[in-house]
> 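Sharing a structure below in structure tokens format, with a few things to ask.
Bear in mind the structure is a predicted one, so any value in this text is a computation, not a measurement.
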Amino acid sequence: MDDKSKIVSKYKKKIELLKRHNKFYFSDDNPEISDSEYDDLKKEIFKLEKQHSFLKKLNLSKIVGAPPTNKFKKIKHLKPMLSLSNAFNKKDMNDFVDKIKNFLNFKDRNIELIAEPKIDGISATLIYQNGLLVKGLSRGDGEIGEDILENLKTIKKIPQKLKGNDIPKILEVRSEIYIGKKDFNNLKISFANPRNAAGGSLRQKNPKETSKIPLKYFAYGFGLIEPMKFKKQSEFLKKISNWGFSINPLSKQIRHLDEIEKQHTYVDTIRSSLDYDIDGLVYKVNDIELQLRLGNTSNSPRWAVAYKFSAEKALTKVKDIIIQVGRTGAITPVAKVDPVTVGGVVVSNATLHNEDEIRRKDIRIGDIIQIQRAGDVIPQVVSVDITKREKSSKKFEFPKKCLCGSPTIKELSKSTQKEDAVRRCVKDYECDYIAKEKLKHIVSKDSLNIDGLGKKVIDKFWDLKLINRPHDIYDLNFNKIKKLEGWGELSINNLKKAIEKSKFIEFERFIFCLGIRHIGQENAKILASFFKSINNFLDLKKNTNRQKVLSSLIELDGIGETQIVSLNNFFSNQTNIEITEKLCQILTIKDFKTKNREGKFSNKTIMFTGGFEKMSRSEAKSIVENNGGKVLGSVSKKLNILVVGNSKPTKKKIDSAKKLNVKILKEIDWYKTLNL
Ligand code: IVH
């Protein structure tokens, strides 16, 4: 090969590689390399083109598309950008309404909702000061967004100066950015769907690139508004429309609950005629004061739900049924299917949930099945077409062993005494498959949050024996990594930086990252607020102390028998203890700090007995927590106040509170404390 062909071949290889990563990133939304590695690859391509002008004539770099970038300034949101919980059918919607009514103790009172199309785009928040657009952020992780103001400014219909009167000093408008379906079809660059194209365009470092793609938007909500004058979501939408924002014309007030289905069906039927993708309707409580009362759970508001349209379906063939092992040892069967496009995404796997599900649906290798994909949920099997089944087909025998060769068991549920549907490997870290999944959990966003150590990188490092236990992350052999394909100096430096950064960690995050079964983010927070510091938590290591400490956890609202048994199991295992200790040596674990807990009940512990007329127990609890207090589940010396509701309070609790000299508040005094 002459020099020129060598260069062309090198260049083409890099282009091919880039195409592959474009697909992972833009089409599959599942990048295999970090943003910086991606940028490096692009830079190498451009460098080659610059050095050898003949390469440009090949006209290949057009496919380069939109580089993701981590170079935007990170800015903390004024108020977190939450996500929505989903509803898929009438029953889910009834549950949503019932939960709201229970929380507010509304019984027969009606609740007015507003139904808005859920635009399938990219969310952004726009901040106006005295009517002037001053900030524009992407959602980011919900807490911290990226400064994409200049890119947002290229969207003509986003007002940079508001018109009209009554404009608040600070106005934060949340919007969904999208590309029209027609515009999408005219695009030269290939993206799997309009949503990915909008995302790619918004993440362009150069706003000029963004302006080449015709972005549009709909404003749907608010973040911070000062002074806040709105009483209803419908009123907010009308007002911002007057100030110059685009709002969706299909929003509709729902005064009666039977209109929920009607509106849903109606919009579903006209859905295909709209010039933008929607994947459902968002139903929101219209009254903003009620929204505030309802508040949020950790990730989503209680006052809104995304009612998704029926999932898109497709037919395909089961090529194989394999099993996967999760970090808690759960064995999940997965159908490998002939690749098929469902809702714009190529699907080649579908979850089969568990052994019972396979038996119930009698799913077999070779079967023609209907699969569906709803939102970002893993594709599922809807039905099997038995008429297409070959005579020789055999029932699927569910493997009784884990991939590591160990036996599996189905646990007995403590409360129902029934066998669990899920089979689990009996091992823990000793099962390589579990150990690998635990590593993936520990580096993930909500745990150590190490950018550049994604799932695929963990798989690779595991196979190359670069990593085996969590603490190995802090002892990686970068000389070996340097030699691997796809790892340049820049990406290695970025990984090193991300690893260094992860050494400083909040206590609650650390508890979560240990991957203790039944200890999710919420429970980790509860435990952190109880133990306060890692040293107290590590007392659980000691056999002598453990039972005593564990039994005191029962007083924590949210922690029950299941969590206590699980903590006991975790700390009875020597490997877990060793790993926890090693991590503690490496990491600096910050003590638990109560956040935003200034308020009426700062440093106070409160317990409720009996029901209240004006609010539910959940609302009472959330009021206490939002005002700095802690709700306890049992009467003890630690309790400061027992609030006694008029409806069926427990006499025993009142008596023990009296004995311990705990302050007792009657329902009426409770309302007075809250100025109700
Ligand atoms: S309300 C607290 N309304 O859906 C969250 N969201 O899954 C309130 N979205 O991040 C969101 N259309 O990007 C709301 N009419 C609409 C929406 C909408 C699209 C997106 C938004 C949000 C995501 C939540």
> Just checking F236 against F222, ring centres under 6.0 Å apart?
yes
> If you measure from the Lys or Arg side-chain nitrogens to the Asp or Glu carboxylate oxygens, is any gap between E226 and K169 under 4.0 Å?
no
> Less than 4.0 Å between a side-chain N and a carboxylate O, is that true for E625 and K630?
no
> Sequence neighbours excluded, which residues qualify as side chain to side chain contact (heavy atoms under 4.5 Å, CB included) partners of N242?
none
> Not counting sequence neighbours, which residues clear ring pair (Phe, Tyr, Trp, His ring centres under 6.0 Å) with Y217? List them please.
none
> Quick check for you: to the nearest 0.5 Å, what is the distance between K653 atom NZ and T609 atom OG1?
4.5 Å
> Apply salt bridge (Lys or Arg N to Asp or Glu O under 4.0 Å) to R517 and list each qualifying residue two or more places apart in sequence or on a separate chain.
E411
> What residues form a ring pair (Phe, Tyr, Trp, His ring centres under 6.0 Å) with F245, not counting sequence neighbours?
Y128
> For residues A198 and I177, report the shortest heavy-atom separation together with the two atoms involved.
CB-O, 4.1 Å
> Do T269 side-chain atoms and T265 backbone N/O form a donor-acceptor pair below 3.5 Å?
yes
> Kindly assign one of parallel, tilted or perpendicular to the pair W670 and F612, based on the angle between their ring planes and the thresholds 30° and 60°.
parallel
> What distance separates L202 CG from L152 CG, expressed to the nearest 0.5 Å?
6.0 Å
> Under a 4.0 Å N-O cut-off, is there an ion pair linking D98 with K101?
no
> For E261 and Y307, does a side-chain donor sit closer than 3.5 Å to a side-chain acceptor?
yes
> For R509, check salt bridge (Lys or Arg N to Asp or Glu O under 4.0 Å) against everything at least two apart and list the hits.
E506
> Can you list the residues that meet the salt bridge (Lys or Arg N to Asp or Glu O under 4.0 Å) rule with K163, with sequence neighbours excluded?
none
> Not counting sequence neighbours, list each pair that qualifies as a salt bridge (Lys or Arg N to Asp or Glu O under 4.0 Å) and has a residue in residues 235-253.
D166-K239
> Give a yes-or-no answer on whether the side chains of N286 and Q233 include a donor-acceptor pair shorter than 3.5 Å.
no
> Sub-3.5 Å donor-acceptor pair from the side chain of T605 to the main-chain atoms of K638, do we have one?
yes
> Which residues satisfy the salt bridge (Lys or Arg N to Asp or Glu O under 4.0 Å) test with K651, sequence neighbours excluded?
D655
> Closer than 3.5 angstrom, by distance alone: can the side chain of N536 be matched with the main-chain N or O of F531 as a donor-acceptor pair?
yes
> Suppose the criterion is salt bridge (Lys or Arg N to Asp or Glu O under 4.0 Å): which pairs have a residue in residues 120-129, not counting sequence neighbours?
D120-R195
> For F103, which residues count as a ring pair (Phe, Tyr, Trp, His ring centres under 6.0 Å) partner, sequence neighbours excluded?
none
> Using a 3.5 Å distance criterion without hydrogens, assess whether the side chain of T650 forms a donor-acceptor pair with backbone atoms of K652.
no
> First locate atom CD1 of I225, then atom NZ of K79, and finally report the distance between them rounded to the nearest 0.5 Å.
8.5 Å
> Look at the side chain of N640 and the backbone N and O of K663, then say whether any donor-acceptor pair between them is shorter than 3.5 Å.
no
> Show every side chain to side chain donor-acceptor pair (under 3.5 Å) that has at least one partner inside residues 170-180, sequence neighbours left out.
T125-E172, T125-R174, E172-R174
> Distance to the ring centre below 6.0 angstrom and angle to the axis at most 45 degrees; does that hold for K614 and Y671?
yes
> Among all residues two or more places apart in sequence or in another chain, which pass the ring pair (Phe, Tyr, Trp, His ring centres under 6.0 Å) test with H441?
F512
> Could you state the interatomic distance from CG (L162) to CG (N165), rounded to the nearest 0.5 Å?
11.5 Å
> Would N102 and S616 count as having a side-chain donor-acceptor pair, cut-off 3.5 Å?
no
> Are the side chain of R373 and the backbone of K313 linked by a donor-acceptor contact shorter than 3.5 Å?
no
> Evaluate the side-chain proximity of N523 to I511: yes if any heavy-atom separation is below 4.5 Å, no if none is.
no
> Does N86 reach the side chain of F88, with side-chain heavy atoms less than 4.5 Å apart?
yes
> Checking D147 side chain against L149 main chain: does a donor-acceptor pair fall under 3.5 Å?
yes
> Can a side-chain donor-acceptor contact be found between Q253 and E259 if the only test is distance below 3.5 angstrom?
no
> Could you tell me whether the side chain of E357 and the main chain of N354 form a donor-acceptor pair under 3.5 Å?
no
> Looking at CZ of F218 and CG of N248, how far apart are the two atoms once the value is rounded to the nearest 0.5 Å?
4.5 Å
> Are the side chain of N568 and the backbone N or O of I564 linked by a donor-acceptor pair below 3.5 Å?
no
> How long is the span from the CD1 atom in I668 to the OG1 atom in T673, to the nearest 0.5 Å?
11.0 Å
> Any donor-acceptor pair under 3.5 Å linking the side chain of S447 with the backbone of N449?
no
> Dump the intermediate steps for ring pair (Phe, Tyr, Trp, His ring centres under 6.0 Å) on F530 and F592, then the final yes or no.
CA-CA 9 Å; F530 174 84; F592 181 79; over 10 Å; no
> Should D258 and K262 count as an ion pair when the cut-off is N to O under 4.0 Å?
no
> Let's go through L113 and I260 carefully: what are the C-alpha distance in whole Å and the side-chain angles of both, what is the deciding distance for side-chain contact (heavy atoms from CB on, under 4.5 Å) to 0.1 Å, and is it a yes or a no?
CA-CA 9 Å; L113 301 175; I260 292 182; 3.8 Å; yes
